[in-house]
Amino acid sequence: MKINQIITGNCLEVLAELEDNSVDVTITSPPYFQQRNYGNGLKGIGNEQDESEYLEKLLRIFWETVRVTKDTGTIVFNLGDKYINGGLSLLPYKFAIEATKNKEIFLINQITWSKLNPTPRQDKRKLIQATEPFFVFAKSKNYHFDLDNYLKHFDDLAKNSRKKPSEKLGKRYFDLIDNSGLTEIEKQKARAELKDTIQAVFRREIDSFRMKIRGIHKLAYGGQAGGRNNQIKNQGYSIIKIHGKKMKKDIVESPVETTKNNSHPAVYPLYIIQELIKLLSKPDDIILDPFSGSGTTCLAAQNLSRNYIGIEINTEYVKLSKERLQKEAFNHELFV
Ligand SMILES: C[S@@+](CC[C@H](N)C(=O)[O-])C[C@H]1O[C@@H](n2cnc3c(N)ncnc32)[C@H](O)[C@@H]1O
């Protein structure tokens with residue numbers, strides 16, 4: 001198998017030559033429906049007349065990537081939505097719904113990319129579209145998932161920069177517990193949990209916390225607060241732990257790459273792809289991108305000592321990605 005190469009060709013044909021279970025992770029962004037012309041004529045996908053024809057082609061390629069990805073691997077597809085006749089088409093979700101009908105795979109996360117610099121809208125009767133999904137599919141429960149290495153810079157930042165908590169942290173809650181109408185047993189439990197929570201802040205496991213005590217604080221309003229209200233009613237108190245940036249959520253912030261340094265019109269952020277590669281693979285693993293465009297996935301893989309296989313139909317973009325792979329250095333911007 002050719003590794004560390006960008007192969008020029010139609011991905012459906014090139015994928016057919018790859019063996020089953022031969023790559024560790026697939027990460028890609030296929031052409032969105034009727035969004036752009038990449039100059040690929042009839043062979044490229046994205047400019048079908050019909051939405052269902054596009055979906056059918058896309059799913060055919062998706063199943064090929066599932067076939068070539070190892071059982072311990074994952075397949076990540078990034079897709080964008082489009083307004084058709086004034087309404088959102090929901091095509092990314094139609095794709096995900098079709099894909100998950102097959103029990104060979106399951107969707108482990110839908111990570112939302114929140115764009116820090118989305119394209120402004122002319123239409124003043126709609127909000128600016130500033131998000132896109134990255135669907136992360138796995139083939140088995142044994143998928144590689146290195147949570148500690150994902151967005152690690154936030155953990156390091158939190159550890160290094162956060163001021164030492166005040167010695168007075170949580171003291172007022174001890175006074176409130178003492179003066180509350182809780183039973184002695186409830187007071188003992190509340191003091192013990194408060195002590196543990198304060199220690200968790202000192203150990204930098206959580207950012208901060210708030211406590212609510214029966215008879216002193218008002219119950220929270222609204223459906224989601226139901227569980228917490230029940231806790232306050234039944235055990236006399238509730239502690240809300242605030243994890244801040246350390247919590248690894250299914251949302252990632254990053255600007256859209258500008259065309260200033262890259263003549264490809266639809267480049268996805270190197271930063272996000274690097275983070276996904278750290279989450280889903282190990283050094284020396286093989287990362288595949290069947291729609292490699294300007295080579296972002298391949299560059300991210302190279303930066304992180306992984307192998308790559310890129311497939312791109314347009315020779316101009318193949319040339320561009322080869323130049324990028326030779327020239328561009330590691331890009332590890334932080335979006336804090
Ligand atoms: C959304 S772009 C990918 C951009 C890429 N993620 C990047 O950061 O540069 C999709 C790419 O798929 C290519 N493409 C379209 N149909 C293809 C096909 N059947 N096989 C291989 N590449 C194809 C297009 O030329 C385009 O460069």
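It should be emphasised that the depicted structure is a prediction, and the values quoted were computed from it without experimental measurement.
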| Ile277 vs Tyr308, side-chain contact (heavy atoms from CB on, under 4.5 Å): CA-CA, chis, key distance, verdict | CA-CA 11 Å; Ile277 289 179; Tyr308 61 82; over 6 Å; no
| message | Under the criterion side-chain contact (heavy atoms from CB on, under 4.5 Å), I'd like the reasoning laid out for Asp81 against Gln129: C-alpha separation, chi angles, the key distance, then a yes or no. | response | CA-CA 9 Å; Asp81 213 332; Gln129 247 185 311; 3.7 Å; yes
| task | Evaluate the side-chain contact (heavy atoms from CB on, under 4.5 Å) criterion for residues Ile213 and Ile177: first the C-alpha distance (whole Å), next the side-chain angles of each, then the deciding distance (0.1 Å), finally the verdict. | result | CA-CA 7 Å; Ile213 300 166; Ile177 294 169; 3.8 Å; yes
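Judged by distance alone, the side chains of Ser321 and Ser294 never bring a donor and an acceptor atom under 3.5 Å apart. A donor-acceptor contact closer than 3.5 angstrom is absent between the side chains of Asp250 and Gln110. In summary, the side chains of Thr72 and Asn142 do not present any donor paired with an acceptor at a separation below 3.5 Å, with no hydrogens or angles considered. Defined by atom type and a distance below 3.5 Å, a donor-acceptor pair is present between the side-chain atoms of Asn4 and Asn307.
Using a 4.5 Å cut-off between side-chain heavy atoms of Ile, Leu, Val, Met, Phe, Trp and Tyr, with links allowed through other members, Ile232 and Ile240 fall into different hydrophobic clusters. Taken together through direct or relayed side-chain contacts under 4.5 Å among Ile, Leu, Val, Met, Phe, Trp and Tyr, Ile75 and Tyr32 form part of one hydrophobic cluster. When hydrophobic clusters are built by joining Ile, Leu, Val, Met, Phe, Trp and Tyr residues whose side-chain heavy atoms come closer than 4.5 Å, directly or via intermediates, Phe134 is grouped together with Phe106. Linking ILVMFWY residues whenever their side-chain heavy atoms come closer than 4.5 Å, directly or via other members, leaves Ile251 and Leu151 in distinct clusters. Leu58 and Leu88 end up in different hydrophobic clusters when Ile, Leu, Val, Met, Phe, Trp and Tyr side chains are linked at under 4.5 Å.
A cation-pi contact, defined as under 6.0 Å to the ring centre and within 45° of the axis, is absent between Lys212 and Tyr237. The cationic atom of Lys195 (NZ for Lys, CZ for Arg) does not lie both less than 6.0 Å from the six-membered ring centre of Phe174 and within 45° of the ring axis.
With respect to Asp285 and Arg306, no salt bridge is recorded, no charged nitrogen being found less than 4.0 Å from a carboxylate O. Glu48 and Lys57 are joined by a salt bridge, as a carboxylate oxygen and a charged side-chain nitrogen come within less than 4.0 angstrom of each other. The pair Arg60-Glu56 meets the salt-bridge criterion, with a side-chain N (NZ, NE, NH1 or NH2) lying under 4.0 Å from an Asp/Glu carboxylate O. A salt bridge links Glu186 with Arg214; the closest basic N to acidic carboxylate O contact falls under 4.0 Å.
Using modelled atom types, one side-chain atom of Ser140 and one backbone atom of Asp71 make a donor-acceptor pair closer than 3.5 Å. Distance alone, capped at 3.5 Å, is enough to place a donor-acceptor pair between the Glu312 side chain and the Gly293 backbone. Under the 3.5 Å distance criterion, the side-chain polar atoms of Asp50 are matched with a main-chain donor or acceptor of Ser52. Side chain of Lys187 to main chain of Asp178: a donor-acceptor pair is present (N/O by atom type, distance under 3.5 Å, no hydrogens or angles). A donor-acceptor pair under 3.5 Å is absent between the side-chain atoms of Arg324 and the main chain of Lys322, judged by distance alone. One N or O on the side chain of Tyr173 and one on the backbone of Met211 form a donor-acceptor pair closer than 3.5 Å. The closest donor-acceptor contact from the side chain of Ser292 to the backbone of Ile311 lies under 3.5 Å. With Lys139 contributing its side chain and Thr69 its backbone, the two residues share a donor-acceptor pair below 3.5 Å.
Less than 6.0 angstrom separates the ring centroid of His153 from the ring centroid of Tyr271. Ring-centre distance between Phe95 and Phe77: below the 6.0 Å cut-off.
The aromatic rings of Tyr143 and Phe145 lie perpendicular to each other, with more than 60° between the two planes, well past the 30° mark.
Side-chain contact check for Ile286 versus Val23: some heavy-atom pair is nearer than 4.5 Å.
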